[in-house]
Structures are given as structure tokens and as C-alpha cells.
Amino acid sequence: MPELPEVETYRKYLDRYAIGKRISAAAHIDSYLLKKALDPAGLAADLEDRIITSSNRHGKYVFLEISGPKFLILHFGMTGYPEYLEDCRDIPAHTRLLLEFDGSCLALVDTRRLGMIYLYDDINSFLDDKKPGPDALSISMDMFIERLSKRKKPVKSAIMDQSIIAGIGNLYADEILFQSHIHPLSACSHIDREKYNIMYKKMRHVLALAVEKHADIKKYPQDWLLSCRGKCGACPHCGSSLKIIKVGGRTAYFCPGRQKLYS
DNA sequence: TTTCATGTTCAGCA
DNA sequence: GTGCTGAACATGAA
């Protein structure tokens, strides 16, 4: 479930289990995930005998710095996650990249294969290529308002647009709008500044608390939409039934009684 | 069997 | 050029 809180949780997991490790070999490489003309043999050769030295994150991307230096850049798609293995003989199904250390292993597992793997010499050239917007937990309120308020598209599509703000996906977009009392179809250009202030604070609150809870939905407050989405069907605040619509091709849950449409 | 799913990308259109 | 929409991608669960 990789949106910003999940990806940050994975980054911390990698910090714990991969930093300082020497890569003795890379195996189980699925070329479908390799981008930028990477090929399995070339990637394996580039990774071999390197040490993983640090990690960073921008939006939904994790950057693993390896001695050289180079940067192994991971995107977890819709179903990806890292898994550390004490015993390399027990490789999980759907492993798309396996980094072998001296005795242990790190698997990148991704059932649907929508994840992405890049290797870059530096992070800035990667950011120049992909041009993601500012990270959702780093952006200032002024920048947040500036980047959103001129858009004409529905606010939900805008906050999920990685080139506007990086890190928010379908589930957290619904949660942020739910807590901000904004209808997902509201036009960005019609939301007033005061409401943007609220949305900004709710965005930070939702993402920060989700990171603190290690993106474990079971630990989220009961009055969050995420604790309820797809299960209870009723708004955890007012009890009226949640509505399900499509916004920008994605399923949106919201409470029509509490979320105002700006149009 | 069909539909849907937390991801991005890109062709096509106004 | 800008900005937006919807289909496509790969796979499994309901």
C-alpha cells in the first residue's frame, strides 16, 4: 500500500536492515521493473561489491545510496515492499530483486510488477528527469497554496498529481479531504485561502500521524475514514452513508453531508 | 467469469 | 504549448 507513509516506513525498514551492508550479489532481477535502459546483468554488475550507505525519500521514491557513489532508486508501485531475510534460501514469491549480503538478503517483492527500479549517479539528475513536485511533508503552506490554487481540476486529482505535490495517493487523498471537509470534486480554483490553510494542516497531520503509526491502518484513530473505508459504509462522524464516486479514474469515498463542494 | 485494486505513463483532445 | 481524461500496463482477489 505504498503512499508516502508506507514508503517512509519502508525507508526506515531499509535503514534498519540494509544500511552498512555489502552487496555480494544481485539476483532474481525482473527486467520489467528496470527503467532507464537498465538491464539485469548491468545492474547486477553495478551493485556487486558495493556498500549501502544511506537512504532518502522524495514522495513515493526511496533513494538508496551505494558506495561509488550511485543511487539505487525504488518505487513500490501498487503492491511492492522490501523484505529482509535472515535466510536467503527462503525467497518470497514475486521477488523482483534480491540483494544478497554476507549471509542475509533483502528482497524487493512486488506482485503486480508496477514498481520501478532506477540506478542514477546522483539524485538531482533523477529529479530533473522525473520532475516530481515538492514532497508533501516538506512543502511550505505558501507553496502548497500556490501550486494548487490555480488549477482547474478537481482537488482530489490535484493533490494526487505527483508533479504538483509528491507522496499522496488515493487513500490518503480521501482521508485529507474528509478531515478538511472538502468534497473531492471541488475545483482547486474555487477553494478559498482559509480552506487551503485547513487542508494544509490536515495533510500534515494525517501524513505525520500515519508515519508515526508505521502506516498500520489498524492503529489509526477510529474516526478516520481509513479505519472505515470499504467496510462500514457509514461516516464515522455523522453516521450517514458514505458516497462512492469516480474522480480522475480513481474511486473516491466521501461523506456528502460533511464535505462541501466548492464549484 | 468479470470487475476491481493503494501505482505511473502516455495518446488524444479541448 | 497547456492541462485534463481515460486507457493501458501486470497480477491476483473477490
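Only heavy atoms go into these numbers, but all of them, side chains included; no hydrogens, no water, no symmetry mates. Throughout, protein chains are lettered first and strands after them, A, B, ... in sequence-line order, and every chain is numbered starting at 1.
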(message) Using salt bridge (charged side-chain N to carboxylate O under 4.0 Å, His left out), reason through A:Asp102 and A:Lys21 one step at a time and then give a plain yes or no.
(response) CA-CA 8 Å; A:Asp102 298 313; A:Lys21 298 270 193 338; over 6 Å; no

(request) Return the value, rounded to whole Å, for the distance between atom NE2 of A:His75 and atom C1' of B:dT6. (result) 11 Å

(message) Using a 4.0 Å heavy-atom cut-off, does A:Lys246 contact any base of the nucleic acid, only the sugar-phosphate backbone, or nothing at all?
(response) sugar-phosphate

(request) Respond yes when some side-chain nitrogen or oxygen of A:Arg250 is under 4.0 Å from OP1 or OP2 of B:dC4, and no when none is. (result) no

(message) Tell me whether A:Cys255 and A:Cys238 have SG atoms closer together than 2.5 Å.
(response) no

(request) May I have the distance from A:Lys35 (atom NZ) to B:dG7 (atom C1'), rounded to whole angstrom? (result) 11 Å

(message) Less than 4.0 angstrom from a charged side-chain N to a carboxylate O is my criterion; do A:Asp110 and A:Arg96 meet it?
(response) no

(request) Going by the side-chain contact (heavy atoms from CB on, under 4.5 Å) test, name the single residue among A:Ile51, A:Ile52, A:Leu99 that passes it with A:Arg22. (result) A:Ile51

(message) Quick check on ring pair (Phe, Tyr, Trp, His ring centres under 6.0 Å): which of A:Phe76, A:Tyr81, A:Tyr84 does A:Tyr10 satisfy it with?
(response) A:Phe76

(message) If you count heavy atoms of other groups shown closer than 6.0 angstrom to NZ of A:Lys12, is the number above 12?
(response) yes

(message) Using a 4.0 Å heavy-atom cut-off to protein, can you give one letter per nucleotide of nucleotides 2-12 of chain C, 5' to 3': B if the base is in contact, S if only the sugar-phosphate is, - if neither?
(response) --SS---BBBS

(message) Assess the residue pair A:Tyr196 and A:Tyr200 against the criterion (ring-ring contact (aromatic ring centres under 6.0 Å, His included)); give the C-alpha distance rounded to whole Å, side-chain angles, the decisive distance to 0.1 Å, and a yes or no.
(response) CA-CA 6 Å; A:Tyr196 271 118; A:Tyr200 176 78; over 10 Å; no

(request) Please measure how far the C1' atom in B:dT6 lies from the corresponding atom in C:dC4, and state the result in whole Å. (result) 22 Å

Hey, what are the protein-to-nucleotides 11-14 of chain B N/O distances that come in under 3.5 Å?
none

(request) Write down the distance between CG (A:Leu226) and P (B:dT6), rounded to a whole number of angstrom. (result) 11 Å

(message) Please tell me if A:Thr251 has a side-chain N or O lying less than 4.0 Å from either OP1 or OP2 of B:dA5.
(response) yes

(message) Rounded to whole Å, please give me the gap between CG in A:Leu225 and P in B:dT6.
(response) 12 Å

(request) Could you state the atom-to-atom distance from CD1 of A:Ile176 to P of B:dT6 in whole Å? (result) 15 Å

(request) Measure from OH on A:Tyr81 to P on B:dG7 and round the result to the nearest Å. (result) 18 Å

(message) Would you say A:Arg229 places a side-chain N or O within less than 4.0 Å of OP1 or OP2 belonging to B:dT6?
(response) yes

(request) Kindly state whether the ring of A:Phe126 and the ring of A:Tyr61 have centres lying under 6.0 angstrom apart. (result) yes

(request) Answer with yes or no whether the hydrophobic clustering places A:Ile73 together with A:Ile123; edges join I, L, V, M, F, W, Y residues whose side-chain heavy atoms lie under 4.5 Å apart. (result) yes

(message) Whole angstroms only, please: what is the CD1-P distance between A:Ile244 and B:dA5?
(response) 9 Å

(request) Rounded off to whole Å, could you give me the CD-to-C1' distance for the A:Glu6 and B:dT6 pair? (result) 7 Å

(message) Taking the six-membered ring for Trp, are A:Tyr118 and A:His75 closer than 6.0 Å centroid to centroid?
(response) no

(message) Salt bridge or not between A:Asp129 and A:Lys35? Use side-chain N to carboxylate O under 4.0 Å.
(response) no

(request) Evaluate the ring planes of A:His183 and A:Phe254, with Trp represented by its six-membered ring, and classify them as parallel (under 30°), tilted (30 to 60°) or perpendicular (over 60°). (result) tilted

(message) Could you write out DNA chain C as dot-bracket? Rules: Watson-Crick or G-U wobble, both distances under 3.5 Å, brackets [ ] for crossings, | for pairs with another strand, dot for unpaired.
(response) .||||||||.||||

